[in-house]
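So the structure is just underneath, and the comments pick up after that.
All of these numbers come straight from a predicted model, not from anything done at the bench.
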Protein chains: 2
Amino acid sequence: MFTPQVVKAPTSADVALAAGVSRATVSFVLNDKPNSRVSDDTRHRVLEAARLLGYTPNTAARSLASGEAVAGLLVASSAADHGATVARALDALLARTVDDGIDALRHADTATTGAEAGQLWAKLRPEAVLAESARCDGEATEVLRLAGVRALIVHGTTAVDYAPSLVIPQRPFGGLAVEHLAALGHEHIVYLAPATPGPAAAERLAGARETAELLGVRLDVTHAAASARTLRDWAHGLRYDAHAPTAIAASDDGLAMAAIRALADAGLRAPADLSVVGADDHPGAADFLPRLSTITFDADALAGTLLDAFARMRAGERVELLEAPPVRLVARESSAAPAR
Amino acid sequence: MFTPQVVKAPTSADVALAAGVSRATVSFVLNDKPNSRVSDDTRHRVLEAARLLGYTPNTAARSLASGEAVAGLLVASSAADHGATVARALDALLARTVDDGIDALRHADTATTGAEAGQLWAKLRPEAVLAESARCDGEATEVLRLAGVRALIVHGTTAVDYAPSLVIPQRPFGGLAVEHLAALGHEHIVYLAPATPGPAAAERLAGARETAELLGVRLDVTHAAASARTLRDWAHGLRYDAHAPTAIAASDDGLAMAAIRALADAGLRAPADLSVVGADDHPGAADFLPRLSTITFDADALAGTLLDAFARMRAGERVELLEAPPVRLVARESSAAPAR
DNA sequence: TTGAAAGCGGTACCAC
DNA sequence: GTGGTACCGCTTTCAA
């Protein structure tokens with residue numbers, strides 16, 4: 001049974017002693033240095049000694065001595081604030097780093113911002129950092145730069161001027177939803193936003209507004225918690241409203257599902273009575289009843305873009321602006337032409 | 001615009017020089033040592049110099065000198081393999097660590113296992129480690145112990161004898177689903193498992209089998225990808241089967257939703273024609289049409305248990321066995337008594 | 001082919 | 001109150 005060690009961990013000196021060689025030799029062997037001329041016999045003895053002692057190199061010491069980073073990539077993004085599509089992209093990124101032999105770490109702290117956050121990340125002396133622009137400001141960037149971070153990408157809905165930006169516009173999510181519904185013939189749409197919209201949700205709403213104005217369709221806005229109560233009242237109101245909208249654009253698929261659900265409780269059906277389109281291609285959206293039309297972009301592609309950009313920055317190339325893949329409509333059953 | 005630094009990062013020596021004091025004094029001031037009698041003037045000069053230089057302490061160096069860990073908690077669990085409820089618990093754990101001032105990091109690598117994985121984690125010299133038993137075997141545990149890890153918890157469906165275990169039995173997920181359906185009066189249930197069940201899914205199925213046997217209800221098993229095709233054929237078969245089951249227990253909510261969807265396509269409705277119960281209380285399950293009955297446990301409670309256990313282990317207390325909160329049924333609309 | 005020794009950036013003990 | 005200094009574990013010349 002595991003029980004914490006009281007004596008100190010074996011060091012390379014212990015290995016050297018056990019193998020009857022010097023610490024330098026141990027270092028050579030264990031790191032498999034290209035032009036280290038160590039005899040096969042010595043090498044073997046060192047390896048064996050290391051195995052026997054259960055030796056594990058100390059990253060801190062190695063980093064200190066060699067100057068190499070403790071972590072390959074530090075991801076300091078809360079994901080939750082940027083919609084499910086971005087969250088998927090981050091997961092994909094992490095998954096791909098291991099294939100590339102980059103040891104990526106994800107920071108649990110998602111609250112700290114500004115210079116303080118910069119310090120938090122810089123302390124680890126990572127080679128690369130991915131952060132959200134909302135938390136990584138100019139000061140934080142400077143801290144990271146001074147700490148020797150080689151590559152930094154901040155992401156947000158717009159570009160920043162102090163660091164390479166990955167722009168993930170949220171407006172098109174709202175815009176494309178409205179565009180899609182308008183194209184189907186809907187002239188009165190209601191936009192369903194979260195009760196307390198985060199930055200991403202606010203942008204999506206703004207995008208919907210812009211597009212609605214542009215296309216000359218009427219857009220009402222309702223804020224609702226995903227929880228049923230609010231939505232039920234709201235749907236019920238719709239039921240008896242002669243001038244009710246014919247379509248709903250929801251800020252995300254969760255809201256869209258909840259809306260459809262509330263509609264059903266009020267005796268309204270999608271898409272027969274109202275069309276509904278969501279966002280983020282929630283797992284399950286494709287199997288929802290009705291199958292949910294949604295707006296998303298290719299998360300894997302974004303992961304690839306990021307990985308590529310980091311590779312380029314590491315190679316010394318300068319990166320300024322990265323763009324998320326264009327959002328696209330996944331038209332399924334929940335949106336259709338309005339009933340006449 | 002961010003551009004990597006060429007000169008080296010400022011060190012505490014630079015700060016000392018700038019402030020006209022010694023490195024020792026800088027260390028005292030920056031760490032706000034309790035009984036360090038540093039004059040207010042000196043303290044101020046040091047702080048100012050640090051700010052001006054954009055100084056960030058080097059965790060590696062600090063860890064090396066003080067012996068303290070580089071990371072407070074290292075989470076090395078893929079989450080994906082343990083069902084959505086466990087994934088939620090991990091997220092909750094990470095969220096709570098920051099409140100407790102523990103700097104937790106999550107490892108991106110989810111593939112490495114055994115001693116090799118142990119090395120991977122131990123290199124960071126974390127204070128505590130949370131790993132899945134499938135990847136952290138006896139050897140890995142020993143490596144971690146030797147590396148000075150103070151607290152280790154491995155989690156899996158059963159306890160292991162080499163380390164403190166968090167047991168998260170998956171069988172009750174299947175068992176309780178069957179029990180619920182049987183209690184409603186269903187005597188012929190079909191269990192819907194993923195096409196390629198992971199360890200958790202396999203356990204859930206086994207649990208369903210056990211309980212079915214115990215209660216004397218018939219349990220058929222169907223493996224299906226969540227994708228529609230297989231399910232559609234399957235549902236269609238059900239449609240014209242005089243001896244068709246009257247209920248479905250799905251391995252997870254995603255599958256349950258897909259099943260209901262496929263059923264609907266085949267002209268069958270839940271719960272009127274078949275009852276359905278899922279698992280993991282998927283966000284959206286409550287708003288599904290019909291609202292999905294599901295099996296889950298309190299993820300926040302599990303996070304609390306873990307945090308508490310880590311605290312105890314850090315305090316030197318010995319922890320052997322931790323148990324996940326009991327699974328519970330969330331009865332909603334999708335499951336009901338069979339039609340006569 | 002191997003060993004000796006000088007750091008890397010901090011911490012902490014012990015003088016002054 | 002403040003500075004000197006011996007480590008922490010490892011890498012990396014440079015000699016032997």
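- Salt bridge present: A:Asp109 and A:Arg135 bring a charged side-chain N and a carboxylate O closer than 4.0 Å.
- Nucleic acid contact class of A:Ser63 (heavy atoms, under 4.0 Å, all strands): none.
- In this structure, A:Leu105 and A:Leu73 have side chains that are not in contact, with every pair of non-hydrogen atoms separated by 4.5 Å or more.
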Compile the donor-acceptor pairs under 3.5 Å between side chains in residues 145-153 of chain A and protein atoms, sequence neighbours left out, one pair per line.
| residue | atom | partner | partner atom | Å |
| --- | --- | --- | --- | --- |
| A:Arg145 | NE | A:Glu142 | OE1 | 3.1 |
| A:Arg145 | NH1 | B:Gln5 | OE1 | 3.0 |
| A:Arg145 | NH2 | A:Glu142 | OE2 | 3.1 |

Notebook entry, point to check: Would B:Asp14 and B:Arg23 count as a salt bridge (charged side-chain N to carboxylate O under 4.0 Å, His left out) if you check the C-alpha gap in whole Å, the side-chain angles of each, and the deciding distance to 0.1 Å?
Noted result: CA-CA 9 Å; B:Asp14 296 327; B:Arg23 303 199 314 145; over 6 Å; no
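- Counting only heavy atoms from C-beta outward, the side chains of A:Leu90 and A:Arg106 approach each other to under 4.5 Å.
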Item checked: Nucleic acid footprint by protein, nucleotides 9-16 of chain C - heavy-atom cut-off 4.0 Å, B for base, S for sugar-phosphate alone -> BBBB----
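- Rounded to an integer number of Å, the gap from CG of A:Leu53 to C1' of D:dG9 is 15 Å.
- Residue B:Ser39 places at least one side-chain N or O under 4.0 Å from the OP1 or OP2 atom of D:dT2.
- Taking a 6.0 Å sphere around CD of B:Glu116, one finds it holds 12 or fewer heavy atoms contributed by other residues, nucleotides or ligands.
- Rounded to whole Å, atom C1' of C:dA4 lies 16 Å from atom CG of A:Leu17.
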